[in-house]
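One structure is given here, and the rest of the page talks about it.
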Amino acid sequence: MSSARGRFIAFEGGEGAGKSTQARLLAEALRARGIDVVVTREPGGTPGAEAIRSLLLAPPGAEGWMPQAEALLFAAARADHLAHLIRPALARGTWVVCDRFVDSSRAYQGGAGGLGDDAILALHEFGSEGMRPDAVILLEGSEEALAARLAARGNDADAIEGRPAEYHRAVAAAFRALAEGDPQGFARIDAVGTPEDVHTRIMFAIAGLLP
Ligand code: TYD
């Protein structure tokens, strides 16, 4: 086992961007290089955070969560996930590949939800000491391409996925603005193409992190 700290790579993007597939392909490629990897997701990843995930994606009661409560629940899930899974893994030298992280809260709750970036960053500072991934892979594609992929997947939309197209357009715009504001921190990847094509782009983008 390596004594060096592991690397933390987050996948971000809208619905249907192929994050889960790409997280799995990246993990396989890293393992083939002898790297110990854990793949996880947000909201979720630990028993506590998975319980919060259920509350978020299928809100009890007809009214759903008000925006501030929703942002707090995502932040609470993230704090638990970091404390009980991500930080311990990194400390023992395991790499963490995470399907969504704080930039999802910044794009969905902060941007599309209207709470603003400062509020989300303040929650993240409080819950998770402002932890940043070593790299964020932002999967981007046209609304039409991603919608076609979602339709092909054919599962029922959860409470957030089921929001109107304009909400999801605002999410995409917010992700774009975050990436433009931090070109070092984000790798913007064209998510349109075969999984293998997209994977090749990702491996190229993270080459600098590889041992
Ligand atoms: P996810 O399971 O990644 O859904 P999908 O596979 O459809 O992309 O995430 C569940 C939903 O939660 C998704 O609609 C995005 C939303 N979300 C937020 O709104 N804020 C967050 O901080 C996170 C992590 C997810």
Side-chain angles (χ1 to χ4, degrees), residues 8-26 39-46 48-59 64-82 85-86 96-128 130-133 136-141 143 145-175 178 189 191 195 198:
F8 178 21
I9 300 174
F11 279 88
E12 295 285 8
E15 324 286 326
K19 295 178 302 301
S20 316
T21 303
Q22 292 303 327
R24 184 173 48 75
L25 291 176
L26 175 61
V39 180
T40 185
R41 68 168 180 184
E42 290 208 343
T46 56
E50 290 287 338
I52 297 174
R53 177 187 178 90
S54 305
L55 293 173
L56 278 161
L57 300 188
W65 300 106
M66 46 95 75
Q68 288 81 352
E70 180 177 292
L72 284 160
L73 286 169
F74 276 112
R78 185 161 299 124
D80 189 73
H81 189 207
L82 266 169
L85 189 152
I86 298 176
V96 175
V97 174
C98 194
D99 185 345
R100 297 191 183 278
F101 192 62
V102 67
D103 297 315
S104 277
S105 286
R106 297 172 76 193
Y108 283 77
Q109 285 68 48
L115 295 178
D117 203 34
D118 290 349
I120 303 304
L121 291 178
L123 293 183
H124 189 52
E125 194 59 44
F126 177 71
S128 302
M131 171 80 155
R132 290 293 310 169
V136 178
I137 296 167
L138 175 59
L139 294 177
E140 295 182 301
E143 199 176 321
L146 301 191
R149 211 178 266 172
L150 270 183
R153 201 194 284 171
N155 54 352
D156 288 341
D158 60 53
I160 294 177
E161 189 177 333
R163 288 176 184 167
E166 74 200 61
Y167 181 90
H168 293 289
R169 236 168 265 141
V171 167
F175 273 130
L178 292 175
I189 302 289
V198 179

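Note that ligands are numbered from 1 as they come in the structure, with each ligand's atoms numbered from 1 the same way. All figures in this text were calculated on a predicted structure; none of them were measured in a lab. Reckoned from all heavy atoms, side chains included, excluding hydrogens, waters and symmetry mates.
- Note that CG of D158 is 11.0 Å distant from OG of S54, once rounded to the nearest 0.5 Å.
- Across the listed options E12, Q109, R163, Q109 owns the non-hydrogen atom lying nearest to atom 19 (O) of ligand 1.
- The residues D103 and R132 are annotated as salt-bridged, a charged nitrogen and a carboxylate oxygen being separated by less than 4.0 angstrom.
- Two residues are said to be in side-chain contact when any heavy atoms from C-beta on lie closer than 4.5 Å; R100 and R78 fail this criterion.
- Residue R106 places every heavy atom at 4.0 Å or more from ligand 1.
- Residue contact check: S104 has heavy atoms under 4.0 Å from atoms 20 (N), 21 (C), 22 (O), 23 (C), 24 (C) of ligand 1.
- For atom 6 (O) of ligand 1, the nearest protein heavy atom (residue, atom name, distance) is R153 NH1, 4.1 Å.
- Using a 4.0 Å cutoff on heavy atoms, K19 counts as a contact of ligand 1.
- For atom 18 (C) of ligand 1, the candidate residues are F101, F74, Y167; the nearest heavy-atom contact is made by F74.
- Atoms CZ and CZ, on R41 and F101 in that order, are 16.0 Å from each other to the nearest 0.5 Å.
- When all heavy atoms of L26 and F11 are compared, the pair lying nearest together is CD2-CE1, 3.8 Å.
- Using modelled atom types, one side-chain atom of W65 and one backbone atom of L55 make a donor-acceptor pair closer than 3.5 Å.
- One finds the NE2 atom of H168 at 8.5 Å from the CD1 atom of I160 (value rounded to the nearest 0.5 Å).
- Within the 3.5 Å criterion, the main-chain N or O of Y108 finds a donor-acceptor partner in the side chain of Y167.
- The shortest contact between atom 9 (O) of ligand 1 and any protein heavy atom is with R100 NE, 3.3 Å.
- With hydrogens and angles ignored, the 3.5 Å screen pairs a side-chain donor or acceptor of R149 with a backbone N or O of G16.
- Only side-chain heavy atoms of R78 come within less than 4.0 Å of ligand 1; its backbone N, CA, C and O stay farther off.
- Close approach of ligand 1 to E161 (heavy-atom distance below 4.0 Å) involves ligand atoms 7 (O), 14 (O).
- Ligand 1 places these atoms under 4.0 Å from at least one heavy atom of P43: 24 (C), 25 (C).
- Nearest to atom 13 (C) of ligand 1 among the protein's heavy atoms is E15 OE2, 3.4 Å.
- Against a heavy-atom cut-off of under 4.0 Å, E42 is close to the following atoms of ligand 1: 24 (C).
- Between L73 and I52, the shortest heavy-atom contact is O-CG2, 3.4 Å.
- When hydrogens are left out, the protein atom nearest atom 22 (O) of ligand 1 is S105 OG, 2.5 Å; that is the closest non-hydrogen contact.
- Heavy-atom distances between S20 and ligand 1 stay at or above 4.0 Å for every pair.
- For atom 2 (O) of ligand 1, the closest non-hydrogen atom on the protein side is R53 NH2, 2.7 Å.
- At a cut-off of 3.5 Å, with distance as the only test, a side-chain donor of T40 or H81 sits close to an acceptor on the other residue.
- Residue-ligand proximity: E70 is placed with every non-hydrogen atom at 4.0 Å or more from ligand 1.
- Nearest protein neighbour of atom 11 (C) of ligand 1, counting heavy atoms only, is L57 CD2, 3.8 Å.
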